[in-house]
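First comes the structure, then the notes that go with it.
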Amino acid sequence: MLRPSFLDRWLAVPEGDPALRFDRWYTHGELRDLGARTAGWLADQGVGYGDKVAIQLENGLPLVAAHLGCMALGAVRVPLNAHYRAAEVAPIVEDAAPRLVLAQDPSLYPGIPVHPAPGVGAPESAWPAPPDDVTCLLFTSGTTGRAKGAPQTWAMWESNLDALQDRWGLAPDDRLWLALPLFHTHGLVLGLHGTLLRGASAIVSSRFEPIAPPPDVTHVYGVPTWYRRWLDTMAADPEPFRRLRLMVSGSDGLGADLSDAVFARTGQRILERYGMTETVMITSNPLVGERRPGTVGTPLRHVDVRIVDGEVQVRGPSVFAGYTPRPDPGAFTTDGYFRTGDAGEWDEAGYLRLVGRKKDLVIVGGVNVSPAEVEAVLGGVLGVAEVGCCGVPDADLVEVVAAAVVPDGTVSEAELLRRLETAAGALSGLKRPRQWTFVTVLPRNALGKLMRARIAKEAFGR
Ligand code: MCA
């Protein structure tokens, strides 16, 4: 069946239905008005159809207004991590070349018009959403160290959100607790856009706290760090968790132990799924039927998943067309499958089990961190000969960044560590190394490439 386009479906949601709660509830009708008035203001600033607008805001009404305004106008949103600092923002701004920036800290955007929040203008509501239009340019931590732009079309999101809706039995009367940051795929696409598309509702929080979910929510989307931090709350009073229809985990492997610990406290088996910004969601465990701890389930509708040489590869309408403006020739196979860089295998029931990473990536609290990006920042510190970063296990954040440093002998180790920690301050918090060690040599392969698994093992005993 041919579905109407994403925005047509949202525009048809009854005016008075509750949509998002911030300080109070906003209906779908109010959000449409807000979008139209924000679009009018954006147009007054010279933003037009297809122009890019960078949005570096924390969860809240101004962030949502910025998105809605761009949607009403047909502008391309470029969400930026609200925690990013100057060095992390600069390459993204260079690549995206936004016409306008909405951000709290104008000093990060020299030479570009910056506003701390969108304003209000005369209503302007074209709501153009041709399926193949790029509606968002999401930057993901590239393994090369430079964030890569992954253009998102309406068609990608609609296909994937419909598949998720069917897999998870989501309906308009579902209410999500949305505490995920709205600048990653997880919170922005599944959380915000999923809620709008199906005319459902969400309680938006500025950040995650391990408190009981509000009584009227039906489901939560979270990362493994949340579920671990929730364990004590669940043990003290499991009732608010038992009431939920569904708890979903993604962005990083949950692990059977944590899944079992939550099950023991709440009787709820967390539903684990797997996805990436480049592909949106790839696989999921079922709503009804066996949720297998330690697996990420089976392919979603329309998603073609295969494993070649141990690597998970994906094709289908929700897979992006390629990085922009810096295409990566190795991103796809010659027959058109996106190479995830994740190592996987099918279990005996046909569920996907992720067994490691072929790419160099550390996932800290559900946030992808490129060790090469951290090395580039630390490598410039006076007194450093070379540096290699890797991931090491962490009880709270699953993994954290660790740095092995070869000093050049010109300063004491104490002074060098002080300089390194200062330099790491140029990075947002989750990227900063939590463990340091000094070594005389770094393990490299015959091509001179750092062997990060060996750094983790030899320098940090992992
Ligand atoms: C916090 N920090 C960050 C981020 N969040 N740095 C970079 N990126 C972030 N997203 C920094 C802060 O600036 C701060 O630095 C330090 O980390 C601690 O911040 P705080 O807020 O106190 O952290 P927390 O309360 O301990 O929160 C950690 C968290 C949270 C609960 C794990 O980050 C979280 O909710 N993560 C979910 C991430 C997520 O949505 N992932 C989806 C992406 P300073 O020390 O300077 O103050 S993956 C995805 O979208 C794919 C498609 C998928 O499959 O889902």
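Numbering of ligands and ligand atoms starts at 1, following listing order. In this text, all values refer to a predicted model and were calculated from it rather than measured experimentally.
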Can you check [atom]: any protein non-hydrogen atom closer than 4.0 Å?
{"atom": "atom 19 (O) of ligand 1", "value": "no"}
{"atom": "atom 13 (O) of ligand 1", "value": "yes"}
{"atom": "atom 29 (C) of ligand 1", "value": "no"}

Min N/O separation [X] to ligand 1 under 3.5 Å:
{"X": "Gly275", "value": "yes"}
{"X": "Gly366", "value": "yes"}
{"X": "Thr225", "value": "no"}

Next on the checklist: Less than 6.0 angstrom from the centroid, inside 45 degrees of the normal: does Arg339 satisfy that with respect to the ring of Tyr337?
Outcome noted: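 Output no; distance or angle outside limits.
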Checklist outcome for this item: Looking only at non-hydrogen atoms, the one of Ala179, Gly365, Gly191 nearest atom 36 (N) of ligand 1 is Gly365
Next on the checklist: On a heavy-atom basis, I'd like to know which of Glu278, Arg228, Arg229 is closest to atom 27 (O) of ligand 1.
Outcome noted: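 Checking each option, the heavy atom nearest atom 27 (O) of ligand 1 is found in Arg229.
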With a 4.0 Å heavy-atom cut-off (strictly under), which part of [X] contacts ligand 1: side chain, backbone, both or neither?
{"X": "Thr185", "value": "both"}
{"X": "Leu180", "value": "side chain"}
{"X": "Arg85", "value": "side chain"}
{"X": "Met276", "value": "backbone"}

Does [X] have a heavy atom less than 4.0 Å from any atom of ligand 1?
{"X": "Trp226", "value": "yes"}
{"X": "Lys431", "value": "no"}
{"X": "Gly187", "value": "no"}
{"X": "Arg273", "value": "yes"}

Cut-off 3.5 Å, side chains only: do [X] and [Y] have a donor facing an acceptor?
{"X": "Arg77", "Y": "Thr135", "result": "yes"}
{"X": "Thr185", "Y": "Thr277", "result": "yes"}
{"X": "Tyr351", "Y": "Glu290", "result": "no"}
{"X": "Gln165", "Y": "Arg198", "result": "yes"}
{"X": "Trp177", "Y": "Ser205", "result": "yes"}
{"X": "Ser251", "Y": "His186", "result": "yes"}
{"X": "Thr295", "Y": "Asp347", "result": "no"}

Next on the checklist: Surrounding CG of Leu382 (heavy atoms of other residues, nucleotides or ligands, distance under 6.0 Å), is the total greater than 12?
Outcome noted: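 No, not enclosed.
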Checklist entry - When you look at CG of Asp309, are more than 12 heavy atoms from neighbouring residues, nucleotides or ligands closer to it than 6.0 Å? => result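 Atom CG in Asp309 is not packed in, count stays at 12 or less.
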Next on the checklist: Within the 4.5 Å heavy-atom criterion, are Val296 and Arg273 side-chain neighbours or not?
Outcome noted: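 Contact flag for Val296/Arg273 side chains = no.
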Checklist entry - Mind checking whether Arg432 and Val374 have side chains closer than 4.5 Å, heavy atoms only? => result no
Item to check | Derivation and outcome, salt bridge (Lys or Arg N to Asp or Glu O under 4.0 Å), residues Arg315 and Asp335 | outcome: CA-CA 10 Å; Arg315 201 170 62 167; Asp335 56 348; 5.6 Å; no
Enumerated ligand 1 atoms positioned under 4.0 Å from heavy atoms of [X]:
{"X": "Arg432", "answer": "44 (P), 45 (O), 46 (O)"}
{"X": "Val367", "answer": "8 (N), 9 (C), 10 (N), 38 (C)"}
{"X": "Ser428", "answer": "6 (N), 7 (C)"}
{"X": "Asn81", "answer": "7 (C), 8 (N), 9 (C), 10 (N)"}
{"X": "Thr277", "answer": "52 (C)"}

Checklist entry - Got a salt bridge between Arg146 and Glu88, using NZ or NE/NH1/NH2 to carboxylate O under 4.0 Å? => result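 No.
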Considering only protein heavy atoms, which is closest to [atom], and at what distance to one decimal place?
{"atom": "atom 50 (O) of ligand 1", "value": "His186 N, 2.9 Å"}
{"atom": "atom 4 (C) of ligand 1", "value": "His83 CD2, 3.2 Å"}
{"atom": "atom 15 (O) of ligand 1", "value": "Gly429 CA, 3.3 Å"}
{"atom": "atom 39 (C) of ligand 1", "value": "His184 CD2, 3.6 Å"}
{"atom": "atom 33 (O) of ligand 1", "value": "Leu430 CD1, 3.8 Å"}
{"atom": "atom 23 (O) of ligand 1", "value": "Arg207 NH2, 4.0 Å"}
{"atom": "atom 55 (O) of ligand 1", "value": "Ser251 OG, 2.6 Å"}

Next on the checklist: In terms of relative ring orientation, are Trp230 and Phe208 parallel, tilted or perpendicular, with 30° and 60° separating the classes?
Outcome noted: perpendicular
Checklist entry - In chain order, what residues pass the salt bridge (Lys or Arg N to Asp or Glu O under 4.0 Å) check against Glu209, with sequence neighbours excluded? => result none
